[in-house]
S.K.: 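My questions all concern the structure below.
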Amino acid sequence: MKLDIGEIIRQEFEKSGLSISQFARMINKERTVVYNLFKRQSIDTHLLYQICMVLNVDLFRVFSECLGEENKVVGADRVNGVQMISSKRKIMLEVELDDVEYDQIMQKMFEKKKGFDR
């Protein structure tokens with residue numbers, strides 16, 4: 001999915017009711033820079049933060065939603081549309097156990113998992 005951040009910023013700017021001059025002053029840029037900003041495909045995070053503060057909108061959320069749609073691991077961490085902090089870890093471990101030890105370890109793992117599911 002191609003994210004057109006410049007167009008998204010332009011749309012949010014138009015909702016704001018600010019003039020180009022006002023907006024440019026508020027983000028410490030020249031008017032020509034603002035017009036070029038609306039054509040960008042990418043943006044510096046500090047500048048995006050300033051724009052979010054001026055327009056009172058969370059544009060970082062747009063990136064997060066796009067990432068969740070395109071990355072199944074990140075998307076799986078969403079509960080009712082809310083991004084949860086990932087606690088998933090991949091490990092590879094090779095251990096030689098007899099059947100009794102294996103059963104004990106598996107039982108402990110399932111007990112801990114039940115505690116997390118609550």
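Throughout, numbering of the chain's residues begins at 1 and tracks the sequence.
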S.K.: Side-chain polar contacts of residues 40-50 - donor-acceptor pairs under 3.5 angstrom, sequence neighbours left out - could you list them?
M.R.:
| residue | atom | partner | partner atom | Å |
| --- | --- | --- | --- | --- |
| Q41 | NE2 | D4 | OD1 | 3.4 |
| D44 | OD2 | H46 | N | 3.0 |
| D44 | OD2 | L47 | N | 3.1 |

S.K.: Given E12, which partner from the list I51, N56, V62, V57 fulfils the side-chain contact (heavy atoms from CB on, under 4.5 Å) test?
M.R.: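 By the side-chain contact (heavy atoms from CB on, under 4.5 Å) criterion, E12 pairs with just one of I51, N56, V62, V57: V57.
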
S.K.: Check the hydrophobic clustering (I, L, V, M, F, W, Y; side-chain heavy atoms under 4.5 Å; chains of links allowed) and say if M53 and I5 are grouped together.
M.R.: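 Cluster IDs for M53 and I5 match.
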
S.K.: Are any side-chain N or O atoms of S64 and backbone N or O atoms of R61, one a donor and one an acceptor, separated by less than 3.5 Å?
M.R.: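 Judged by distance alone, no pair lies under 3.5 Å.
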
S.K.: How about E7: does its CD atom have over 12 heavy atoms from other parts shown lying under 6.0 Å from it?
M.R.: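 Counting other residues, nucleotides and ligands, CD of E7 exceeds 12 neighbours.
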
S.K.: For a quick test of reading the model, state the closest non-hydrogen atom pair linking F23 to V54 and the distance between them.
M.R.: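 Reported closest heavy-atom pair: CD1-CG1, 3.8 Å.
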
S.K.: Is it the case that one hydrophobic cluster holds both I9 and V33, taking links as side-chain heavy atoms less than 4.5 Å apart, direct or via other members?
M.R.: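 No, separate clusters.
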
S.K.: Could you tell me whether the side chain of E101 and the main chain of D98 form a donor-acceptor pair under 3.5 Å?
M.R.: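 The answer is yes, because a donor-acceptor pair under 3.5 Å joins these two groups.
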
S.K.: Are K108 and E111 within salt-bridge range, i.e. N to O under 4.0 Å?
M.R.: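 A salt bridge is absent here (no side-chain N lies under 4.0 Å from a carboxylate O).
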
S.K.: Within the supplied structure, the quantity of interest is the number of heavy atoms (other residues, nucleotides, ligands) at a distance under 6.0 Å from F60 CZ; does it exceed 12?
M.R.: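 Enclosed: over 12 neighbouring heavy atoms sit under 6.0 Å from CZ of F60.
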
S.K.: Does M106 have more than 12 heavy atoms from other residues, nucleotides or ligands lying within 6.0 Å of its CE?
M.R.: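 Atom CE in M106 is crowded, with more than 12 foreign heavy atoms closer than 6.0 Å.
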
S.K.: What is the distance from atom CG of L55 to atom CE of M26, rounded to the nearest 0.5 Å?
M.R.: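 These two atoms lie 8.5 Å from each other.
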
S.K.: Using the test side chain to side chain donor-acceptor pair (under 3.5 Å), find all partners of S19 that sit at least two apart in sequence or belong to another chain.
M.R.: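 By the side chain to side chain donor-acceptor pair (under 3.5 Å) rule, S19 matches Q22.
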
S.K.: Mind running side-chain contact (heavy atoms from CB on, under 4.5 Å) on L37 and K29 for me, showing each step along the way?
M.R.: CA-CA 10 Å; L37 178 68; K29 301 293 179 194; over 6 Å; no

S.K.: Taking all heavy atoms of C52 and all of L59, pick out the closest pair and write down the distance.
M.R.: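 Minimum heavy-atom separation between C52 and L59: SG-N, 3.4 Å.
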
S.K.: Say you draw a straight line from CD of E30 to OG of S21; how long is it, rounded to the nearest 0.5 Å?
M.R.: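 One finds 10.0 Å between CD of E30 and OG of S21.
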
S.K.: Any chain of hydrophobic side-chain contacts (each under 4.5 Å) joining V100 to M109?
M.R.: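 No, it is not one cluster - the side chains of V100 and M109 are not joined through contacts under 4.5 Å.
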
